[in-house]
*Asks:* 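My questions all concern the structure below.
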Amino acid sequence: MEKRSRIIRLPETGVTPDLPVIARDVTACERCPRLRAYSAEIARVKRKGRLGETYWGRPVPGFGDPEPWLLIVGLAPGAHGSNRTGRMFTGDRSGVWLFRELHRQGIASSPNANSADDGLVLRGAYITAAARCAPPDNKPTMVELDHCREYLIREMALLQSVRVRLALGRIAFDALLKARRELGLPALKPRPEFAHGAAAPLPEGGFLLSSYHPSQQNTSTGKLTDAMWRGVFDKAVALAAP
Ligand code: SF4
């Protein structure tokens, strides 16, 4: 395993770099009026089959092992997934794919993620996202992504044990690259291209690994198959091996 040559330092934000503090700040965030209104409206209206449930309806903080070797960065909460349950990737089809694979790899304590209090534990992975509020059509704007990147930066600065940064989709990939730059880390030359299964070594140590997002759009059309998905996690494990 490549040795880390540089410690990531948090820019001067005046904010305590602590996961519970980041989670508190995320949960209370109101920077994006469009996303806050949409998430709250989904939580109010709900949908057939969920009408009796209480939706989270707020920004969704990251969660997982505070000493991870794997950092998983998704796009944004699903309207009826983590916007409902309050935990990343929990309660929708994308989460079925993610937690099934994390369990197969021995990272998740269960393949099933149904609610924030289901007792599921991650060992070695931390899950976060480029945006923390559910966006209409799963499309946050550039301004909204810029607003939300501070939280990813703070997580990256704190999670120093990470060896593999796994971007689920191009938006997560771009968010990771921008977050690195804003942390003052050396530019990657040439700039890596997003491609499923591609891994780029990082000057600070570790790797940036890309995957198609396990969205229903990708998994139901065969753009992302079971074998491709497993292959990405097998590669992540291999990249992190000593
Ligand atoms: S998307 Fe991020 S920055 Fe925007 S309101 Fe939600 S938590 Fe705040």
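Just so you know, ligand 1 is whichever comes first in the structure, and atom 1 is the first atom listed for that ligand. Keep in mind that the numbers below use all heavy atoms, side chains included, and drop hydrogens, waters and symmetry copies.
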*Asks:* Taking only distance into account, with no hydrogens and no angle test, what donor-acceptor pairs under 3.5 Å do side-chain atoms of residues 135-145 form with protein atoms, sequence neighbours excluded?
*Replies:*
| from | atom 1 | to | atom 2 | distance (Å) |
| --- | --- | --- | --- | --- |
| T141 | OG1 | E144 | N | 3.1 |
| T141 | OG1 | E144 | OE1 | 3.2 |
| E144 | OE1 | R34 | NH2 | 2.9 |
| E144 | OE1 | T141 | N | 2.8 |
| E144 | OE2 | R34 | NE | 2.8 |

*Asks:* Which pairs, with at least one residue in residues 109-165 and sequence neighbours excluded, count as a ring-ring contact (aromatic ring centres under 6.0 Å, His included)?
*Replies:*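 Listed once each, the pairs would be none.
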
*Asks:* If you link I, L, V, M, F, W and Y whenever their side-chain heavy atoms are under 4.5 Å apart, who else ends up in the same group as I42?
*Replies:*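 Answer for I42: Y38, Y55.
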
*Asks:* Kindly compute the distance separating OG (S82) from CH2 (W56), expressed to the nearest 0.5 Å.
*Replies:*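 Answer rounded to 0.5 Å: 10.5 Å.
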
*Asks:* When you look at L98 and W229, which way does the side chain to side chain contact (heavy atoms under 4.5 Å, CB included) test go after all the steps?
*Replies:* CA-CA 9 Å; L98 180 60; W229 184 237; 3.9 Å; yes

*Asks:* Check for me: within less than 2.8 Å of atom 4 (Fe) of ligand 1, which protein N/O/S atoms show up?
*Replies:*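 Protein N, O or S atoms closer than 2.8 Å to atom 4 (Fe) of ligand 1: C32 SG.
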
*Asks:* If the plane angle is over 60° it's perpendicular, under 30° parallel, otherwise tilted; pick one for F194 and Y212.
*Replies:*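 Ring orientation of F194 relative to Y212: tilted.
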
